[in-house]
There are 2 protein chains.
Amino acid sequence: MKLSTAEENYLKAIFKISEKANKSASTNAIARHLSTSAASVTDMLKRLSEKGLINYEKYKGVTLKSAGIKQATQLIRKHRLWEVFLVKKLRFSWDQVHEIAEQLEHIESEELIMRLDAFLDYPKFDPHGDPIPNADGKFTIRSQTPLSDMHKGQQGMLVGVKDHTTEFLKYLNSLNVKLGTMISVIDSVPYDGSMNVNLDSKKEIMITSIVAQNLLIRIG
Amino acid sequence: MKLSTAEENYLKAIFKISEKANKSASTNAIARHLSTSAASVTDMLKRLSEKGLINYEKYKGVTLKSAGIKQATQLIRKHRLWEVFLVKKLRFSWDQVHEIAEQLEHIESEELIMRLDAFLDYPKFDPHGDPIPNADGKFTIRSQTPLSDMHKGQQGMLVGVKDHTTEFLKYLNSLNVKLGTMISVIDSVPYDGSMNVNLDSKKEIMITSIVAQNLLIRIG
DNA sequence: TAATATTTTTAGATCAATCTAAATATATAT
DNA sequence: ATATATATTTAGATTGATCTAAAAATATTA
(Lines give C-alpha, C1' and ligand atoms only; values in the text may rest on other atoms or scores of the structure.)
Protein backbone atom coordinates (compact mmCIF):
# COMPACT_ATOMS: atom_id res chain seq x y z
CA MET A 1 0.00 0.00 0.00
CA LYS A 2 1.28 3.41 -0.99
CA LEU A 3 1.03 5.99 1.75
CA SER A 4 1.44 9.75 1.72
CA THR A 5 4.25 11.41 3.61
CA ALA A 6 1.70 12.73 6.09
CA GLU A 7 0.27 9.28 6.71
CA GLU A 8 3.76 7.85 7.16
CA ASN A 9 4.63 10.54 9.67
CA TYR A 10 1.54 9.73 11.71
CA LEU A 11 2.37 6.03 11.78
CA LYS A 12 5.88 6.76 12.92
CA ALA A 13 4.63 9.12 15.61
CA ILE A 14 2.17 6.55 16.90
CA PHE A 15 4.88 3.92 16.92
CA LYS A 16 7.29 6.08 18.88
CA ILE A 17 4.72 7.23 21.40
CA SER A 18 3.38 3.73 22.03
CA GLU A 19 6.91 2.37 22.28
CA LYS A 20 8.00 4.94 24.83
CA ALA A 21 4.85 4.84 26.95
CA ASN A 22 4.20 1.19 26.16
CA LYS A 23 0.53 1.86 25.64
CA SER A 24 -1.91 3.35 23.16
CA ALA A 25 -1.15 6.82 21.80
CA SER A 26 -3.55 9.63 22.65
CA THR A 27 -4.76 12.20 20.16
CA ASN A 28 -3.04 14.97 22.06
CA ALA A 29 0.25 13.12 22.32
CA ILE A 30 0.27 12.65 18.57
CA ALA A 31 -0.64 16.28 17.98
CA ARG A 32 2.19 17.38 20.24
CA HIS A 33 4.65 15.04 18.57
CA LEU A 34 3.77 16.31 15.10
CA SER A 35 3.18 19.94 16.06
CA THR A 36 -0.33 19.92 14.72
CA SER A 37 -3.83 20.32 16.11
CA ALA A 38 -5.83 17.61 17.84
CA ALA A 39 -8.55 18.09 15.23
CA SER A 40 -6.14 17.26 12.40
CA VAL A 41 -5.06 14.17 14.26
CA THR A 42 -8.63 12.95 14.64
CA ASP A 43 -9.16 13.42 10.90
CA MET A 44 -6.05 11.46 10.04
CA LEU A 45 -6.81 8.68 12.53
CA LYS A 46 -10.08 8.07 10.74
CA ARG A 47 -8.27 7.72 7.44
CA LEU A 48 -5.58 5.43 8.83
CA SER A 49 -8.27 3.36 10.47
CA GLU A 50 -10.14 2.98 7.16
CA LYS A 51 -6.92 1.73 5.63
CA GLY A 52 -6.58 -0.93 8.30
CA LEU A 53 -3.32 0.41 9.69
CA ILE A 54 -4.46 1.28 13.20
CA ASN A 55 -6.96 0.29 15.87
CA TYR A 56 -8.98 3.38 16.55
CA GLU A 57 -11.99 3.87 18.73
CA LYS A 58 -13.25 7.35 19.46
CA TYR A 59 -11.84 8.76 22.68
CA LYS A 60 -9.80 5.61 23.32
CA GLY A 61 -6.47 6.42 21.72
CA VAL A 62 -4.82 4.34 19.00
CA THR A 63 -2.54 1.36 18.58
CA LEU A 64 -0.92 0.15 15.40
CA LYS A 65 -2.19 -2.96 13.65
CA SER A 66 0.44 -5.29 12.24
CA ALA A 67 0.37 -3.57 8.85
CA GLY A 68 0.94 -0.26 10.61
CA ILE A 69 3.80 -1.64 12.69
CA LYS A 70 5.43 -2.96 9.55
CA GLN A 71 5.21 0.40 7.83
CA ALA A 72 6.49 2.29 10.87
CA THR A 73 9.38 -0.10 11.35
CA GLN A 74 10.43 0.17 7.72
CA LEU A 75 10.36 3.96 8.02
CA ILE A 76 12.62 3.80 11.05
CA ARG A 77 14.88 1.42 9.18
CA LYS A 78 15.13 3.80 6.26
CA HIS A 79 15.65 6.83 8.48
CA ARG A 80 18.48 5.22 10.39
CA LEU A 81 20.20 3.76 7.34
CA TRP A 82 20.18 7.17 5.70
CA GLU A 83 21.64 8.68 8.86
CA VAL A 84 24.48 6.19 8.70
CA PHE A 85 25.03 7.09 5.06
CA LEU A 86 25.11 10.80 5.84
CA VAL A 87 27.60 10.41 8.66
CA LYS A 88 29.80 7.61 7.39
CA LYS A 89 29.90 8.46 3.71
CA LEU A 90 29.12 12.14 3.45
CA ARG A 91 30.89 13.03 6.68
CA PHE A 92 28.05 14.94 8.25
CA SER A 93 28.25 15.25 11.99
CA TRP A 94 25.68 13.40 14.10
CA ASP A 95 23.92 16.63 15.00
CA GLN A 96 23.20 17.53 11.35
CA VAL A 97 21.52 14.45 9.97
CA HIS A 98 18.09 14.17 11.51
CA GLU A 99 16.20 16.59 9.29
CA ILE A 100 17.70 15.32 6.08
CA ALA A 101 16.98 11.71 7.00
CA GLU A 102 13.45 12.81 7.85
CA GLN A 103 13.02 13.59 4.16
CA LEU A 104 15.02 10.68 2.79
CA GLU A 105 13.02 8.12 4.74
CA HIS A 106 10.01 8.78 2.50
CA ILE A 107 11.77 7.79 -0.71
CA GLU A 108 10.00 4.76 -2.09
CA SER A 109 12.11 1.87 -3.30
CA GLU A 110 12.73 -1.46 -1.62
CA GLU A 111 15.65 -2.06 -3.93
CA LEU A 112 17.24 1.23 -2.92
CA ILE A 113 17.18 0.35 0.74
CA MET A 114 18.49 -3.14 0.15
CA ARG A 115 21.42 -1.75 -1.77
CA LEU A 116 22.01 1.10 0.66
CA ASP A 117 22.11 -1.41 3.50
CA ALA A 118 24.69 -3.50 1.64
CA PHE A 119 26.71 -0.41 0.68
CA LEU A 120 26.90 0.55 4.35
CA ASP A 121 27.83 -3.00 5.33
CA TYR A 122 24.61 -3.87 7.13
CA PRO A 123 24.99 -1.53 10.09
CA LYS A 124 23.15 -2.53 13.25
CA PHE A 125 23.10 0.91 14.87
CA ASP A 126 22.75 4.46 13.64
CA PRO A 127 25.01 7.43 14.49
CA HIS A 128 23.10 8.03 17.72
CA GLY A 129 23.38 4.40 18.75
CA ASP A 130 19.77 3.55 17.92
CA PRO A 131 19.25 0.04 16.58
CA ILE A 132 18.43 -0.31 12.88
CA PRO A 133 15.69 -2.86 12.25
CA ASN A 134 16.58 -5.41 9.58
CA ALA A 135 14.48 -5.99 6.47
CA ASP A 136 12.10 -8.13 8.55
CA GLY A 137 11.66 -5.41 11.14
CA LYS A 138 13.75 -7.09 13.83
CA PHE A 139 15.75 -4.78 16.11
CA THR A 140 19.08 -5.79 17.61
CA ILE A 141 18.78 -5.61 21.36
CA ARG A 142 21.68 -4.46 23.48
CA SER A 143 21.98 -4.06 27.20
CA GLN A 144 22.47 -0.44 28.06
CA THR A 145 22.03 1.68 31.14
CA PRO A 146 21.51 5.41 31.49
CA LEU A 147 24.67 6.86 33.00
CA SER A 148 22.44 8.38 35.68
CA ASP A 149 21.71 4.86 36.99
CA MET A 150 25.37 3.95 37.39
CA HIS A 151 27.33 4.02 40.61
CA LYS A 152 30.70 5.21 41.77
CA GLY A 153 33.41 3.01 40.32
CA GLN A 154 31.34 1.57 37.49
CA GLN A 155 32.47 2.16 33.94
CA GLY A 156 31.49 1.39 30.39
CA MET A 157 31.28 2.60 26.85
CA LEU A 158 28.89 5.22 25.54
CA VAL A 159 26.73 3.33 23.04
CA GLY A 160 23.77 5.64 22.57
CA VAL A 161 22.03 8.90 23.37
CA LYS A 162 18.40 9.38 24.26
CA ASP A 163 18.13 13.03 23.35
CA HIS A 164 18.72 13.65 19.63
CA THR A 165 18.44 17.41 19.60
CA THR A 166 21.14 19.41 17.93
CA GLU A 167 21.77 21.33 21.14
CA PHE A 168 22.42 18.23 23.19
CA LEU A 169 24.63 16.66 20.54
CA LYS A 170 26.59 19.86 20.11
CA TYR A 171 27.13 20.02 23.83
CA LEU A 172 28.52 16.49 23.72
CA ASN A 173 30.76 17.52 20.82
CA SER A 174 32.12 20.34 22.95
CA LEU A 175 32.96 17.83 25.68
CA ASN A 176 34.51 15.54 23.09
CA VAL A 177 32.04 12.86 24.11
CA LYS A 178 31.05 10.53 21.28
CA LEU A 179 29.85 6.98 20.77
CA GLY A 180 32.66 4.71 21.90
CA THR A 181 33.90 7.05 24.60
CA MET A 182 34.74 5.16 27.80
CA ILE A 183 33.09 6.70 30.80
CA SER A 184 33.73 5.84 34.43
CA VAL A 185 31.88 7.23 37.39
CA ILE A 186 34.15 8.93 39.86
CA ASP A 187 31.32 9.95 42.11
CA SER A 188 27.78 11.18 42.04
CA VAL A 189 26.07 13.79 44.14
CA PRO A 190 22.86 12.43 45.67
CA TYR A 191 21.54 15.94 46.22
CA ASP A 192 21.10 16.89 42.55
CA GLY A 193 22.14 13.75 40.71
CA SER A 194 25.13 15.42 39.09
CA MET A 195 28.18 13.27 38.48
CA ASN A 196 31.90 13.47 38.13
CA VAL A 197 33.04 11.18 35.39
CA ASN A 198 36.25 10.31 33.66
CA LEU A 199 36.41 10.24 29.87
CA ASP A 200 38.70 7.73 28.14
CA SER A 201 40.89 7.69 31.28
CA LYS A 202 42.04 11.15 30.33
CA LYS A 203 39.75 13.97 31.23
CA GLU A 204 37.54 14.42 34.26
CA ILE A 205 34.32 16.40 33.92
CA MET A 206 31.15 17.15 35.81
CA ILE A 207 27.79 16.57 34.18
CA THR A 208 24.29 17.29 35.37
CA SER A 209 21.66 14.67 36.04
CA ILE A 210 19.73 15.53 32.92
CA VAL A 211 22.75 14.96 30.75
CA ALA A 212 23.54 11.70 32.54
CA GLN A 213 20.00 10.49 31.90
CA ASN A 214 20.51 10.93 28.19
CA LEU A 215 23.73 8.97 27.93
CA LEU A 216 23.36 5.22 27.42
CA ILE A 217 26.23 3.05 28.58
CA ARG A 218 27.15 -0.53 27.95
CA ILE A 219 28.63 -1.37 31.31
CA GLY A 220 31.85 -3.32 31.52
CA MET B 1 11.93 30.15 -1.86
CA LYS B 2 10.54 26.80 -0.82
CA LEU B 3 8.56 25.10 -3.56
CA SER B 4 6.29 22.08 -3.55
CA THR B 5 7.23 18.94 -5.42
CA ALA B 6 4.48 19.72 -7.93
CA GLU B 7 5.80 23.22 -8.54
CA GLU B 8 9.31 21.88 -8.97
CA ASN B 9 8.12 19.32 -11.49
CA TYR B 10 6.43 22.00 -13.55
CA LEU B 11 9.57 24.13 -13.60
CA LYS B 12 11.64 21.19 -14.71
CA ALA B 13 9.12 20.33 -17.43
CA ILE B 14 9.09 23.90 -18.71
CA PHE B 15 12.87 23.96 -18.70
CA LYS B 16 13.16 20.74 -20.66
CA ILE B 17 10.50 21.64 -23.19
CA SER B 18 11.92 25.12 -23.81
CA GLU B 19 15.42 23.71 -24.06
CA LYS B 20 14.47 21.08 -26.60
CA ALA B 21 12.27 23.29 -28.75
CA ASN B 22 14.29 26.41 -27.94
CA LYS B 23 11.14 28.43 -27.45
CA SER B 24 8.34 29.01 -24.98
CA ALA B 25 6.53 25.96 -23.63
CA SER B 26 2.86 25.53 -24.50
CA THR B 27 0.20 24.50 -22.03
CA ASN B 28 -0.44 21.30 -23.93
CA ALA B 29 3.22 20.39 -24.17
CA ILE B 30 3.55 20.74 -20.41
CA ALA B 31 0.38 18.73 -19.85
CA ARG B 32 1.71 15.97 -22.09
CA HIS B 33 5.09 16.00 -20.39
CA LEU B 34 3.56 15.70 -16.93
CA SER B 35 0.65 13.44 -17.90
CA THR B 36 -1.89 15.86 -16.56
CA SER B 37 -4.71 17.97 -17.99
CA ALA B 38 -4.29 21.29 -19.73
CA ALA B 39 -6.61 22.83 -17.14
CA SER B 40 -4.33 21.78 -14.30
CA VAL B 41 -1.41 23.29 -16.14
CA THR B 42 -3.16 26.62 -16.54
CA ASP B 43 -3.90 26.65 -12.81
CA MET B 44 -0.31 25.96 -11.93
CA LEU B 45 1.06 28.48 -14.40
CA LYS B 46 -0.92 31.18 -12.64
CA ARG B 47 0.61 30.18 -9.34
CA LEU B 48 4.15 30.02 -10.68
CA SER B 49 3.63 33.36 -12.33
CA GLU B 50 2.49 34.92 -9.03
CA LYS B 51 5.69 33.63 -7.49
CA GLY B 52 7.77 35.32 -10.14
CA LEU B 53 9.25 32.14 -11.52
CA ILE B 54 7.84 32.27 -15.04
CA ASN B 55 6.71 34.70 -17.70
CA TYR B 56 3.13 33.84 -18.43
CA GLU B 57 0.61 35.55 -20.63
CA LYS B 58 -2.68 33.87 -21.40
CA TYR B 59 -2.58 31.87 -24.61
CA LYS B 60 1.07 32.75 -25.21
CA GLY B 61 2.93 29.87 -23.61
CA VAL B 62 5.52 30.28 -20.85
CA THR B 63 9.21 30.88 -20.40
CA LEU B 64 11.20 30.67 -17.21
CA LYS B 65 12.39 33.80 -15.46
CA SER B 66 15.89 33.72 -14.03
CA ALA B 67 14.64 32.52 -10.64
CA GLY B 68 12.82 29.70 -12.41
CA ILE B 69 15.85 28.76 -14.46
CA LYS B 70 17.93 28.62 -11.33
CA GLN B 71 15.46 26.31 -9.61
CA ALA B 72 15.13 24.05 -12.64
CA THR B 73 18.87 23.82 -13.11
CA GLN B 74 19.42 22.91 -9.49
CA LEU B 75 16.80 20.19 -9.78
CA ILE B 76 18.56 18.77 -12.81
CA ARG B 77 21.84 18.96 -10.93
CA LYS B 78 20.37 17.06 -8.02
CA HIS B 79 18.70 14.49 -10.24
CA ARG B 80 21.87 13.72 -12.13
CA LEU B 81 24.11 13.62 -9.10
CA TRP B 82 21.76 11.15 -7.46
CA GLU B 83 21.81 9.03 -10.62
CA VAL B 84 25.59 8.93 -10.44
CA PHE B 85 25.35 7.88 -6.82
CA LEU B 86 22.88 5.12 -7.60
CA VAL B 87 24.97 3.71 -10.42
CA LYS B 88 28.49 4.26 -9.14
CA LYS B 89 27.98 3.56 -5.46
CA LEU B 90 24.88 1.42 -5.21
CA ARG B 91 25.58 -0.46 -8.45
CA PHE B 92 22.20 0.10 -10.01
CA SER B 93 22.14 -0.26 -13.75
CA TRP B 94 21.53 2.85 -15.87
CA ASP B 95 18.04 1.70 -16.76
CA GLN B 96 16.90 1.52 -13.13
CA VAL B 97 17.77 4.92 -11.74
CA HIS B 98 15.47 7.47 -13.29
CA GLU B 99 12.43 6.98 -11.07
CA ILE B 100 14.37 6.89 -7.86
CA ALA B 101 16.32 10.02 -8.79
CA GLU B 102 12.99 11.62 -9.64
CA GLN B 103 12.14 11.35 -5.95
CA LEU B 104 15.57 12.11 -4.56
CA GLU B 105 15.88 15.35 -6.52
CA HIS B 106 13.23 16.91 -4.28
CA ILE B 107 15.18 16.45 -1.07
CA GLU B 108 15.95 19.86 0.31
CA SER B 109 19.46 20.53 1.53
CA GLU B 110 22.19 22.55 -0.13
CA GLU B 111 24.74 20.98 2.16
CA LEU B 112 23.66 17.49 1.16
CA ILE B 113 24.21 18.18 -2.52
CA MET B 114 27.54 19.84 -1.91
CA ARG B 115 28.74 16.82 0.02
CA LEU B 116 27.25 14.32 -2.39
CA ASP B 117 29.03 16.09 -5.24
CA ALA B 118 32.34 15.86 -3.38
CA PHE B 119 31.70 12.23 -2.42
CA LEU B 120 31.19 11.38 -6.08
CA ASP B 121 34.29 13.35 -7.05
CA TYR B 122 32.55 16.17 -8.86
CA PRO B 123 31.24 14.22 -11.83
CA LYS B 124 30.58 16.22 -14.99
CA PHE B 125 28.18 13.74 -16.61
CA ASP B 126 25.50 11.38 -15.39
CA PRO B 127 25.13 7.67 -16.24
CA HIS B 128 23.32 8.54 -19.48
CA GLY B 129 26.00 10.99 -20.50
CA ASP B 130 23.95 14.08 -19.68
CA PRO B 131 25.97 16.98 -18.32
CA ILE B 132 25.62 17.81 -14.64
CA PRO B 133 25.35 21.54 -13.99
CA ASN B 134 27.74 22.79 -11.33
CA ALA B 135 26.60 24.65 -8.21
CA ASP B 136 26.34 27.83 -10.29
CA GLY B 137 24.15 26.15 -12.88
CA LYS B 138 26.83 25.95 -15.57
CA PHE B 139 26.72 22.90 -17.84
CA THR B 140 29.84 21.36 -19.34
CA ILE B 141 29.49 21.46 -23.10
CA ARG B 142 30.81 18.65 -25.20
CA SER B 143 30.78 18.18 -28.94
CA GLN B 144 28.67 15.20 -29.82
CA THR B 145 26.88 13.96 -32.91
CA PRO B 146 23.95 11.59 -33.26
CA LEU B 147 25.25 8.39 -34.77
CA SER B 148 22.58 8.83 -37.46
CA ASP B 149 24.45 11.90 -38.76
CA MET B 150 27.75 10.07 -39.18
CA HIS B 151 29.13 8.69 -42.40
CA LYS B 152 30.77 5.52 -43.56
CA GLY B 153 34.26 5.28 -42.16
CA GLN B 154 33.73 7.74 -39.28
CA GLN B 155 34.18 6.52 -35.77
CA GLY B 156 33.98 7.72 -32.18
CA MET B 157 33.00 6.95 -28.63
CA LEU B 158 29.47 6.66 -27.31
CA VAL B 159 29.18 9.51 -24.81
CA GLY B 160 25.44 9.83 -24.35
CA VAL B 161 21.95 8.64 -25.15
CA LYS B 162 18.97 10.80 -26.04
CA ASP B 163 16.28 8.32 -25.12
CA HIS B 164 16.28 7.44 -21.42
CA THR B 165 13.50 4.89 -21.39
CA THR B 166 14.12 1.57 -19.73
CA GLU B 167 13.26 -0.25 -22.95
CA PHE B 168 15.85 1.57 -24.99
CA LEU B 169 18.54 1.19 -22.35
CA LYS B 170 17.79 -2.49 -21.93
CA TYR B 171 18.06 -2.94 -25.66
CA LEU B 172 21.49 -1.32 -25.53
CA ASN B 173 22.43 -3.62 -22.66
CA SER B 174 21.47 -6.59 -24.81
CA LEU B 175 23.81 -5.32 -27.54
CA ASN B 176 26.51 -4.72 -24.95
CA VAL B 177 26.55 -1.08 -25.94
CA LYS B 178 27.42 1.28 -23.10
CA LEU B 179 28.95 4.70 -22.55
CA GLY B 180 32.56 4.43 -23.68
CA THR B 181 31.86 1.90 -26.42
CA MET B 182 33.78 2.73 -29.62
CA ILE B 183 31.51 2.74 -32.62
CA SER B 184 32.57 2.96 -36.25
CA VAL B 185 30.26 3.24 -39.21
CA ILE B 186 30.73 0.45 -41.70
CA ASP B 187 27.98 1.67 -43.96
CA SER B 188 24.55 3.19 -43.86
CA VAL B 189 21.51 2.49 -45.97
CA PRO B 190 20.10 5.67 -47.48
CA TYR B 191 16.73 4.03 -48.05
CA ASP B 192 15.77 3.59 -44.36
CA GLY B 193 18.68 5.15 -42.51
CA SER B 194 19.72 1.88 -40.91
CA MET B 195 23.42 1.36 -40.30
CA ASN B 196 26.00 -1.35 -39.97
CA VAL B 197 28.40 -0.45 -37.23
CA ASN B 198 31.35 -2.02 -35.51
CA LEU B 199 31.52 -2.10 -31.71
CA ASP B 200 34.91 -1.85 -29.99
CA SER B 201 36.53 -3.30 -33.12
CA LYS B 202 35.00 -6.61 -32.22
CA LYS B 203 31.41 -7.11 -33.12
CA GLU B 204 29.47 -5.91 -36.14
CA ILE B 205 25.77 -5.16 -35.79
CA MET B 206 22.94 -3.54 -37.70
CA ILE B 207 20.89 -0.82 -36.02
CA THR B 208 17.85 1.06 -37.21
CA SER B 209 17.73 4.77 -37.86
CA ILE B 210 15.72 5.45 -34.72
CA VAL B 211 18.32 3.78 -32.56
CA ALA B 212 21.13 5.64 -34.35
CA GLN B 213 19.36 8.94 -33.68
CA ASN B 214 19.43 8.24 -29.97
CA LEU B 215 23.14 7.47 -29.70
CA LEU B 216 25.42 10.45 -29.18
CA ILE B 217 29.00 10.07 -30.35
CA ARG B 218 32.12 12.07 -29.70
CA ILE B 219 33.78 11.68 -33.08
CA GLY B 220 37.47 10.89 -33.32
C1' DT C 1 -20.90 13.04 43.35
C1' DA C 2 -21.21 17.29 41.37
C1' DA C 3 -18.47 20.86 39.44
C1' DT C 4 -14.58 21.80 36.84
C1' DA C 5 -10.89 20.87 33.82
C1' DT C 6 -9.02 18.41 30.10
C1' DT C 7 -9.25 15.78 26.02
C1' DT C 8 -11.32 14.57 21.91
C1' DT C 9 -14.42 14.99 18.24
C1' DT C 10 -17.41 17.50 15.06
C1' DA C 11 -18.69 21.31 12.10
C1' DG C 12 -17.37 24.30 8.87
C1' DA C 13 -13.44 26.71 6.25
C1' DT C 14 -9.31 26.99 3.64
C1' DC C 15 -5.54 25.78 0.41
C1' DA C 16 -3.03 23.19 -3.09
C1' DA C 17 -3.54 20.23 -6.69
C1' DT C 18 -6.13 17.99 -9.38
C1' DC C 19 -10.33 16.77 -12.52
C1' DT C 20 -14.30 17.30 -16.36
C1' DA C 21 -17.14 20.03 -19.13
C1' DA C 22 -18.01 24.22 -21.23
C1' DA C 23 -16.51 28.59 -23.10
C1' DT C 24 -13.22 31.25 -25.48
C1' DA C 25 -9.18 32.27 -28.13
C1' DT C 26 -5.88 31.15 -31.72
C1' DA C 27 -4.35 28.55 -35.80
C1' DT C 28 -5.26 26.14 -40.18
C1' DA C 29 -7.17 25.10 -44.31
C1' DT C 30 -10.39 25.31 -47.91
C1' DA D 1 -11.78 35.29 -45.10
C1' DT D 2 -14.76 32.26 -43.23
C1' DA D 3 -15.36 27.80 -41.34
C1' DT D 4 -13.31 24.32 -38.85
C1' DA D 5 -10.04 22.40 -35.86
C1' DT D 6 -7.00 22.86 -32.09
C1' DA D 7 -5.33 24.97 -27.95
C1' DT D 8 -6.21 27.28 -23.85
C1' DT D 9 -8.72 29.09 -20.18
C1' DT D 10 -12.66 29.34 -17.01
C1' DA D 11 -16.21 27.43 -14.06
C1' DG D 12 -17.32 24.36 -10.81
C1' DA D 13 -16.16 19.97 -8.18
C1' DT D 14 -13.28 16.85 -5.59
C1' DT D 15 -9.68 15.15 -2.42
C1' DG D 16 -6.19 15.34 1.18
C1' DA D 17 -4.42 17.82 4.77
C1' DT D 18 -4.80 21.25 7.44
C1' DC D 19 -7.08 25.02 10.56
C1' DT D 20 -10.35 27.37 14.39
C1' DA D 21 -14.28 27.37 17.18
C1' DA D 22 -17.79 24.92 19.32
C1' DA D 23 -19.75 20.70 21.13
C1' DA D 24 -19.33 16.42 23.44
C1' DA D 25 -17.01 12.95 26.10
C1' DT D 26 -13.87 11.69 29.66
C1' DA D 27 -11.02 12.62 33.71
C1' DT D 28 -9.97 15.10 37.95
C1' DT D 29 -10.87 17.21 42.15
C1' DA D 30 -13.09 19.56 45.81
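Chain naming here is simple, since letters A, B, ... match the order of the sequence lines and numbering starts at 1 in each. Because the structure is a prediction, the values reported are computed rather than measured.
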So, OP1 or OP2 of [N]: does either fall under 4.0 Å of a side-chain N or O from [X]?
| X | N | result |
| --- | --- | --- |
| A:Ser40 | D:dT18 | no |
| A:Ser4 | D:dA17 | yes |
| A:Asn28 | C:dT6 | no |
| B:Lys60 | D:dA7 | no |
| A:Ser26 | C:dT7 | no |
| A:Ser37 | D:dC19 | yes |

Can you check the [X] [atom1] to [N] [atom2] distance for me, whole Å?
| X | N | atom1 | atom2 | value |
| --- | --- | --- | --- | --- |
| B:Glu7 | C:dC15 | CD | P | 15 Å |
| A:Lys58 | C:dT10 | NZ | P | 4 Å |
| A:Asn9 | D:dG16 | CG | P | 17 Å |
| A:Asp43 | C:dA13 | CG | P | 15 Å |
| B:Tyr59 | C:dT26 | OH | P | 7 Å |
| B:Arg47 | D:dT9 | CZ | P | 14 Å |
| B:Glu50 | C:dA16 | CD | C1' | 13 Å |
| B:Leu3 | C:dA16 | CG | P | 13 Å |

Side chains of [X] and [Y]: do they bring a donor and an acceptor to under 3.5 Å?
| X | Y | value |
| --- | --- | --- |
| B:Asn173 | B:Trp94 | yes |
| B:Asn9 | B:His106 | yes |
| A:Asp95 | A:Ser93 | yes |

On DNA chain D, nearest-nucleotide positions of B:Leu45 versus A:Ala6: which is more 5'?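 Going by which nucleotide is closer to the 5' end, it is B:Leu45.
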
Pick base, sugar-phosphate or nothing for B:Thr27, based on heavy-atom distances below 4.0 Å to the nucleic acid. sugar-phosphate

Scan B:Lys46 against the nucleic acid and name what it touches under 4.0 Å (heavy atoms): base, sugar-phosphate only, or nothing. sugar-phosphate

Any salt bridge linking A:Glu102 with A:Lys12? Criterion: basic side-chain nitrogen under 4.0 Å from a carboxylate oxygen. yes

A:Glu105 and A:Arg80 ion-paired at < 4.0 Å: no

